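Reading through the structure tokens given below for one structure.
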Amino acid sequence: MRASRFSASYGAKVAIAEAHLFGGTCVNVGCIPKKLFSYAAHWREEFEIAQAYGWTTGEPRFDWRTLLANKDREIARLNSIYERVLAVAGVEIMRGRATVVDPHAVEINGRRYTARHILIATGSWPVIPPIEGRQYAITSDEAFHLKELPQRALVVGGGYIALEFASIFHGLGVKTTLSYRGKRLLRGFDAELSERIAEEMTHKGLTIHFGGEPASIIKHPDGLEVCYTDGPHQKTDLVLFATGRKPNTANLGLESAGVVVAADGAIPVNKYSTSTCASIHAVGDVTNRINLTPVATAEAMWLARTLFRGEPTPADHENVPTAVFANPNLATVGLSEEAARERYGEVDIYKALFRPLKLTMTEKKERVFMKLVVERASQRVVGAHMIGIDAGEVIQGMAIAIKLGATKAQFDATIGIHPTVAEEFVTMRDKAS
Ligand SMILES: Cc1cc2nc3c(=O)[nH]c(=O)nc-3n(C[C@H](O)[C@H](O)[C@H](O)COP(=O)(O)OP(=O)(O)OC[C@H]3O[C@@H](n4cnc5c(N)ncnc54)[C@H](O)[C@@H]3O)c2cc1C
């Protein structure tokens, strides 16, 4: 959508083919409905916190069907806005699955269309490993349309989608287990963040099963029985696999245009997002670079600028901020401590760990964790990491400073906003290491 709109605004004649719903994964079965569910799940704690502030709330009751209906209404509204925006931009809309026929032609609903450039932005698809009983498991796609909320849920995976759904189910009152075959959640994130988020989620009452994964699922009249690779069995009502997604390139006709596809199904592209075929380009999840919506849309805009505005713009994947909307929230930008040590050798680390003001009058023990990673030689801040309320909102601001190459001294020279959680990022004076 973004590539179509920007290309059209630069004067290109553009058509878009969509097989399902406009807005893709993010709007329909990704970021947006996920964040709405995450808001819903956070209310449980808000009701508890409210009591410390003098409110009498009574016994809160949650209705899954109301949430689902309101979410569906909002998504339908977004779908129609997205389609209208394309029409206004002058993009020709074609409904149907497109396949590539040759380097300059695609086929949609049995008709052939030719173009100077073809962009593949077909996204990715969730996969369930081939274990016995996999037909009883679901993925995040189905989780957005469950008729009933289960009483017990097992979420499998250690990435952000797994943590987010585990937190959503737990917050909505489902007895939830998170199962991850490794020892550390959120591979690739700063190790301390991974450890602390596991601690915080466990404190909130979620069970985390490390070191094993489901080997089989058996259906019984009273629920599902999951047998783990490391021995134990567990009864549950729902198993959600969030263990990976596969780029959507199967049966797309790419071979007919000489487009090379990697073993994982992704389309390898150069820094201008062009595939091994000069007239076929690819952006977003289908390239399996950094699978986030703002990255996909940025890649789309860079490509449109390169092809239709005469400004060759290479992709820039440095310092991409990202958030995990688990409970508590976690967000990060730049390098982890481990990655920074590997790249720069010597680094300075600054940390803060504290109970946020909002929780000080409550029984809640949740703590905010913040960490800055500074390259010692240049004193540039190369990583900012946070676990705590609205971490994503805070780190978005930090991302600008880090993208601009701000130094620790410039962070220190910035006046804080008091009293906020975010001010800690400009008041960390003592090196932790
Ligand atoms: C549960 C979940 C939560 C997420 N949360 C976040 C988040 O909080 N923040 C974030 O930044 N990212 C998040 N993501 C990732 C984000 O959704 C993706 O990175 C983003 O949607 C990728 O955009 P895309 O355009 O590459 O692909 P998609 O959004 O998947 O769009 C691909 C489109 O192509 C269509 N299509 C596929 N094949 C064809 C064909 N042959 N012909 C015609 N149309 C076709 C599909 O129907 C789809 O509409 C989340 C993903 C999931 C699954």
Side-chain angles (χ1 to χ4, degrees), residues 1-5 15-39 71 75 78-79 82-83 86 93-101 106-109 113 118-127 138-145 155 157 159-168 240-254 265-267 269 273 281-301 303 320-326 329-332 391-393 395-396 399:
M1 287 196 48
R2 191 64 69 93
S4 305
R5 212 153 49 80
I16 185 170
E18 173 53 62
H20 190 42
L21 290 167
F22 281 100
T25 301
C26 180
V27 170
N28 295 291
V29 284
C31 337
I32 302 294
K34 181 272 308 278
K35 185 98 189 254
L36 293 173
F37 280 11
S38 173
Y39 282 133
K71 181 268 292 178
I75 301 304
L78 292 175
N79 291 144
Y82 274 52
E83 196 162 339
L86 283 176
I93 294 171
M94 298 180 180
R95 297 197 158 276
R97 185 169 190 274
T99 50
V100 175
V101 183
V106 294
E107 197 175 289
I108 304 157
N109 302 328
Y113 299 86
I118 297 171
L119 172 62
I120 314 284
T122 48
S124 59
W125 204 249
V127 281
I138 64 163
T139 69
S140 55
D141 278 6
E142 295 80 45
F144 289 113
H145 303 285
V155 179
Y160 77 94
I161 296 176
L163 267 65
E164 290 174 342
F165 271 100
S167 290
I168 288 167
L240 188 161
F241 270 90
T243 45
R245 296 175 65 85
K246 197 170 160 45
N248 242 331
T249 48
N251 307 319
L252 212 54
L254 294 169
I267 301 178
V269 289
S273 295
H281 317 277
V283 296
D285 282 15
V286 77
T287 62
N288 201 15
R289 287 177 280 183
I290 298 179
N291 299 332
L292 293 170
T293 295
V295 176
T297 52
E299 289 167 356
M301 292 186 288
L303 179 71
V320 171
T322 184
V324 179
F325 298 102
N329 279 190
L330 177 156
T332 176
E393 308 289 344
I395 290 292
Q396 180 66 83

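Indexing begins at 1, ligand by ligand and atom by atom, following the structure's order. If you read the sequence from its start, that first residue is 1, and numbering goes on from there. Here the structure is a predicted model, which is why all the values come from computation and not from measurement.
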What do you reckon, does [X] have a nitrogen or oxygen under 3.5 Å from a nitrogen or oxygen of ligand 1?
X      : result
Asn248 : no
Phe325 : no
Ala19  : yes
Thr293 : yes

May I ask whether [X] has any heavy atom positioned less than 4.0 angstrom from an atom of ligand 1?
X      : answer
Gly96  : yes
Val27  : no
Tyr160 : yes

Numbered atoms and elements of ligand 1 in range of [X], under 4.0 angstrom, heavy atoms:
X      : result
Ala121 : 32 (C), 33 (C), 34 (O)
Asn291 : 15 (C), 19 (O)
Leu21  : 49 (O)

Working note: Ser273 + Arg289, criterion side-chain hydrogen bond (donor to acceptor under 3.5 Å, both in side chains); need CA distance, chi angles, decisive distance, verdict. CA-CA 11 Å; Ser273 295; Arg289 287 177 280 183; 3.1 Å; yes
Quick check: Tyr39 with Phe325 (ring centres under 6.0 Å apart)?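 Ring centres of Tyr39 and Phe325 not closer than 6.0 Å.
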